[in-house]
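These notes are about the structure you will find just below.
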Amino acid sequence: MKKYYEEFEAGQTRSTTGRTITEADIILHAGQTGDFFPHHMDEEWCKTQPFKRRIAHGTLIFSVAIGQTANEINEVSMTYGYDRLRFIRPVFIGDTLRTEVTIKSKNEHKRPEYGLVVEQVQTFNQHLELVMVCEHLLLVEKAK
């Protein structure tokens, strides 16, 4: 698929299907990153903490959320980075996440053959509570 810079419009939205966070997700992510903090791994210790149970790594939630949005390959765009990443609420084992992407803005880029598209990425749990938000920056070719 090819979607050029000119074809993006502020306000366009798309939503993903759900993805339930499992204990296996947390264990695998801890192993991949080396983040074995008790907040993620120690159920008994967590019972003494404000949330009373283990929470998923923020970086796991970010990875899952962005992965949910990667359902189409646009041959003329590439990720330029992420800004304003925030973890709003904790995510627990058994929570089901859905992600919504809205085109926030379009800007010129220093390379005139490209434009910069900013997507607002919002991830919600099964209670429709916002758990994560960030801006995804896309470098997109202009139509020739």
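All values below were derived from every heavy atom in this structure, side-chain atoms included, with hydrogens, water molecules and symmetry-related copies excluded.
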If you define the side chain from C-beta out and look only at heavy atoms, does anything of [X] sit under 4.5 Å from [Y]?
{"X": "Trp45", "Y": "His39", "value": "yes"}
{"X": "Ile66", "Y": "Tyr82", "value": "yes"}
{"X": "Lys104", "Y": "Glu119", "value": "no"}
{"X": "Ile103", "Y": "Val117", "value": "yes"}
{"X": "Arg84", "Y": "Cys134", "value": "no"}
{"X": "Ile21", "Y": "Val64", "value": "yes"}
{"X": "Glu75", "Y": "Met1", "value": "no"}

[X] (side chain) donor-acceptor with [Y] (main chain) under 3.5 angstrom:
{"X": "His40", "Y": "Ile55", "result": "yes"}
{"X": "Gln68", "Y": "Thr17", "result": "yes"}
{"X": "Thr79", "Y": "Gly81", "result": "no"}
{"X": "Lys106", "Y": "Gly115", "result": "no"}
{"X": "Thr16", "Y": "Thr99", "result": "yes"}
{"X": "Asp25", "Y": "Ile27", "result": "no"}

Any side-chain donor near an acceptor of the partner, His109 and Tyr80, under 3.5 Å: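 Side-chain D/A pair, His109 to Tyr80: present.
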
Thr59-His29 side chain donor-acceptor pair, cut-off 3.5 Å: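 On atom types as modelled, these side chains qualify, holding a pair under 3.5 Å.
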
In terms of side-chain geometry, is the basic nitrogen of [X] or [Y] positioned less than 4.0 Å from the acidic oxygen of its partner?
{"X": "Arg89", "Y": "Asp95", "result": "no"}
{"X": "Glu72", "Y": "Arg14", "result": "no"}
{"X": "Glu6", "Y": "Lys142", "result": "no"}
{"X": "Glu43", "Y": "Arg54", "result": "yes"}

Roughly how far apart are [X] [atom1] and [Y] [atom2], rounded to 0.5 Å?
{"X": "Gln120", "Y": "Thr13", "atom1": "CD", "atom2": "OG1", "value": "12.5 Å"}
{"X": "Leu85", "Y": "Ile61", "atom1": "CG", "atom2": "CD1", "value": "11.5 Å"}
{"X": "Ser77", "Y": "Tyr5", "atom1": "OG", "atom2": "OH", "value": "13.5 Å"}
{"X": "Glu100", "Y": "Thr69", "atom1": "CD", "atom2": "OG1", "value": "12.5 Å"}

CD (Glu23) with more than 12 external heavy atoms under 6.0 Å: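 No.
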
Phe36, CZ: over 12 other non-hydrogen atoms inside 6.0 angstrom: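 Yes.
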
Chi angles and distances behind the side-chain contact (heavy atoms from CB on, under 4.5 Å) call for Leu130, Met132: CA-CA 6 Å; Leu130 184 64; Met132 189 211 79; over 6 Å; no

Shortest non-hydrogen contact from Pro38 toward Cys46: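 That closest heavy-atom pairing would be O-SG, 3.3 Å.
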
Minimum heavy-atom distance Lys2-Tyr4, with the two atoms named: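 Heavy-atom minimum between the residues: CD-OH, 3.6 Å.
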
Do [X] and [Y] belong together in a cluster built from hydrophobic side chains that touch within less than 4.5 Å?
{"X": "Leu138", "Y": "Val101", "value": "no"}
{"X": "Tyr114", "Y": "Val140", "value": "no"}
{"X": "Val118", "Y": "Leu139", "value": "yes"}

Phe124 six-ring face occupied by Arg98 cation (under 6.0 Å, within 45°):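 Output no; distance or angle outside limits.
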
Working for side chain to side chain donor-acceptor pair (under 3.5 Å), residues Thr20 and Thr96: CA-CA 4 Å; Thr20 302; Thr96 299; 2.7 Å; yes

Evaluation steps, side-chain contact (heavy atoms from CB on, under 4.5 Å), between Leu137 and Leu116: CA-CA 7 Å; Leu137 310 177; Leu116 191 64; 4.3 Å; yes

Worked verdict on Thr123 versus Val133 for side-chain contact (heavy atoms from CB on, under 4.5 Å): CA-CA 6 Å; Thr123 302; Val133 64; over 6 Å; no

Worked verdict on Ile26 versus Met41 for side-chain contact (heavy atoms from CB on, under 4.5 Å): CA-CA 8 Å; Ile26 291 173; Met41 305 302 294; 4.2 Å; yes

Check: Phe62 ring centroid to Phe87 ring centroid under 6.0 Å: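 Centroid distance Phe62-Phe87: not below 6.0 Å, so no.
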
